[in-house]
S.K.: 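Mind looking over this structure? Questions follow.
In what follows, chains carry the letters A, B, and so on, assigned in the order in which the sequence lines appear, proteins first and then strands, with residues in each chain numbered from 1.
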Amino acid sequence: MITINNLNFGYNKKKLLFKDLSMQLSAGHIYGLLGKNGAGKSTLLKNLAGLVYAQSGKMDVLGFDPAKRQPALLSQICFIPEEFYLPAVKIDAYVKANAAFYPNFDHTYFANLLAEFDIPAGQKLIDMSYGQKKKLIIAFGLATQAKFVIMDEPTNGLDIPSKAQFRKIMASALTEDRCIIISTHQVRDLDNLIDTVIMLDENSVALKASVEEITNKLCFKRVKEIDDTIIYAEPSLSGYNAVVPNFHDEDSKLDLELLFNAVLTQKNKLKPIFN
Amino acid sequence: MNNTFNIQRFGLLLKRQWLEFGKIFLITVGVALGVIITFYTFSLWDVFFAERPSFSQRDLGFREPLFIIFGFLFITVISSSYFAHLGQKPKAIIDLMIPASTFEKFLTGVFFTTILSVASFTLVFYLADLAFVSKVRSSFATVSNVTSYTDARGQVTETVDNAMYFFTKNFPEKFKSLFIMVPFFVTSVFLLGSLYFNRFHYIKTAISVIIFSGVWSFILYNTGRLLFEGKIMIEHDRQNFKPTDAGAELAIFAFFAVLTLIFWTIGYIRLKEKQV
C-alpha cells in the first residue's frame, strides 16, 4: 500500500534526517511511530503526505507520488497534524465547505463520532477548546473514509476520558483496506491500539516489528536481580522492569516505554534478535 | 479523476476559500468604502454645508489620485494576504491537504485577488461616486454644471460638464486594454510575494519591487547610453507624438501581459513547491 525506498531527506542539505530509509506499510494495520524528539517522526509523516519533498528516493502511496499532491491521492489521505488551524465558523459550515472534496464522506458516521466525543453539533469552532478542536478534526478525518490515515500526536490536548474514547474509536476505524499510522511520544496512549511498532533513531528505522513478533522474541517482566541475559532493565519499586529474550515462549504484555528505551540504548543487543 | 482541473472541484474550492477569505475580504471592502466616503465628504464639505455653497470642477479633482493610489493599495493588500497563511505551519497543512490540484488552488487565488478585488473596488468607487456626484448635481440643478465661454464672434461654446461622474470622465476608452492589464500585473506581483515570503509579505514585496525596478532602470539607462549615446538622434517632436497609436498600446499591453504571465507562472511553481 505504501512503499518508501531509499528516502533521503533533510531540512538542511548537509545534515540529513533520513539516510536511505526504506519501509513498507500495509493495509489493515495500525502502526505506532515512535522516536526521540527530533528523530523525524513528524517529518516522515509529512513526507508520506507530500507536505515536504525528499532529496532523493522513491515513495509510493496508494499508487501515487505524494509529492505531486494529486487530488485523487489527497482525497484518500486523512492527515491529523499536531498543530492546526480551524476557521471561525460553525461545525456545519466547516463540514459543508470541506466534506464535498471527499467522495466517500460519511455524514452519519461523523455525527456519531461527534456524539461519542461529546461535541455539540451546532458549536462554533472559535468557541471550542484545543482538545475539542482536535476531536473534531479527528472525527472529520475519519468520516472522510480515507484509506490512509496519518496522525501526528493525536492524543496531545485530549483529556483522560477522551484518550480512552480515541483508542476505542481508532480500533473500530481500522478496516482491511485502511492503513493507519500514529506518531506519538506519549507511548502509553497507544497501548493496546497499535499492532506494529516503528521506531526511528539515527537517520533510519531502528525497529519495525509487529506487537506479536516483539512479544514472541522478547519478554517484558519484573525481575529482582539483573543478570547477563537481560537486554535492558529499569529500576522499579520491587526490583527491575526488564526486557529479556523470550527463550521459553513466555507470554508477556508489550511495555512500549521499556521497549523504546531498550531500542535506544541497547541497539546492538536487539539487532540480531530482529534481523 | 482529472488531477489538474475539474470545474466542480474548482467551484467547491471557491466556496471553501470564500468561507475563510471572504470575511477578511468583505471587511477590507467595507474599510475601502469608508475611506472613499470619508474622502468625498471631506472634499465636498464646503459644497454641501458652507453658508454660501458653491461648486467648481476643482472640487472633484481629488478623485483621480484617490482612485489610483487607494485602488493600488486595496488590490495589493488583498493580493499580498491571499497566500500569506501558507507561511504558518498550522494553516498551511490544512490548506495543502485539501483534495484539489495546485492549479485549481492557484486559479482560485487569481480569481479572488485579481478579478474579485479589482471588480469590487471599481464597484465600490463607482457607487460612492454615483451617490456624491448625484447629490452635487441635484444640489446645483438650478445652476449650470457646464463651463461655457463666449468667443469674439459672440458664439457660446460649451466645454465640459463640471460634475461628471468619475467613470464618465475617465472611462478608459482609448487605453482600455492597458487599464485592464495594469491591475492584473500589479496583483500578480503581490500574489507572488504572498507565496514567496513567509512573513511581512506586503512590505517585503514592496521593497523587492522598489529594488528590482531601481536596478532594472539603472541597467536599462546605462546600457542604452553605452550603446546609443552619440549614435542616434532623439527627436523631441511633441506635435507628431500620437498617444493613441494602436501599435504602442498593443506593445504596452503585450509587455504587461507577458510580465503578468511570467509572475503567475513563477507563483504557480512556487505554490507547487511550497513545503511545510
S.K.: Show the numbers, then the answer: is there a side chain to side chain contact (heavy atoms under 4.5 Å, CB included) between B:Lys89 and A:Lys46?
M.R.: CA-CA 11 Å; B:Lys89 196 168 108 181; A:Lys46 282 186 208 163; 4.0 Å; yes
S.K.: Using non-hydrogen atoms only, which part of B:Lys23 is less than 4.5 Å away from chain A: side chain, backbone, both, or neither?
M.R.: side chain
S.K.: Looking at B:Tyr126, I want to see if its OH is surrounded by more than 12 non-hydrogen atoms of other residues, nucleotides or ligands under 6.0 Å.
M.R.: no
S.K.: Would the number of heavy atoms belonging to other residues, nucleotides or ligands and lying under 6.0 Å from CD1 of B:Ile203 be above 12?
M.R.: no
S.K.: Would you say A:Ile126 has more than 12 foreign heavy atoms packed within less than 6.0 Å of its CD1?
M.R.: no
S.K.: Can you tell me how far CD of A:Gln70 sits from OG of B:Ser101, rounded to the nearest 0.5 angstrom?
M.R.: 9.5 Å
S.K.: Which residue out of B:Gln88, B:Glu273, B:Lys15 racks up the most heavy-atom pairs below 4.5 Å with chain A?
M.R.: B:Glu273
S.K.: More than 12 foreign heavy atoms under 6.0 Å from CD1 of A:Ile160: is that the case here?
M.R.: no
S.K.: I need the A:Leu73 CG to B:Asn3 CG distance, nearest 0.5 Å.
M.R.: 9.0 Å
S.K.: Before giving the answer on side chain to side chain contact (heavy atoms under 4.5 Å, CB included), spell out for A:Tyr85 and B:His85 the whole-Å C-alpha distance, their side-chain angles and the decisive distance to 0.1 Å.
M.R.: CA-CA 10 Å; A:Tyr85 163 84; B:His85 63 281; over 6 Å; no
S.K.: Side chain from CB out, backbone as N, CA, C, O: work out which of these in B:Ile94 comes under 4.5 Å of a heavy atom of chain A, or both, or neither.
M.R.: side chain
S.K.: Does atom NZ of A:Lys208 have more than 12 heavy-atom neighbours from other groups under 6.0 Å away?
M.R.: yes
S.K.: For residues A:Val52 and B:Val276, report the shortest heavy-atom separation together with the two atoms involved.
M.R.: CG1-O, 3.4 Å
S.K.: Between A:Ala67, A:Ala88, A:Ala97, A:Ala93, which shows the greatest number of heavy-atom pairs under 4.5 Å with chain B?
M.R.: A:Ala97
S.K.: Nearest 0.5 Å, please: how far is OH in A:Tyr53 from NZ in B:Lys272?
M.R.: 8.0 Å
S.K.: If you count every heavy atom of other residues, nucleotides or ligands that lies below 6.0 Å from A:Asp20 atom CG, does the total exceed 12?
M.R.: yes
S.K.: Nearest heavy-atom pair of A:Leu74 and B:Ala100: which atoms, and what distance?
M.R.: CD1-O, 4.0 Å
S.K.: Just how far is it from atom OH of A:Tyr94 to atom CZ of B:Arg16, taken to the nearest 0.5 Å?
M.R.: 6.5 Å
S.K.: For B:Tyr196, is the OH atom crowded, meaning more than 12 foreign heavy atoms sit under 6.0 Å from it?
M.R.: no
S.K.: As an exercise, state the distance from CG of A:Leu45 to CD1 of B:Ile93, rounded to the nearest 0.5 Å.
M.R.: 10.0 Å
S.K.: Can you name the closest pair of heavy atoms from A:Tyr102 and B:Met97 and give their distance?
M.R.: OH-O, 4.0 Å
S.K.: Report the distance from atom CG of B:Leu96 to atom CZ of A:Arg69, rounding to the nearest 0.5 Å.
M.R.: 5.0 Å
S.K.: Does NZ belonging to B:Lys135 count more than 12 external heavy atoms closer than 6.0 Å?
M.R.: no
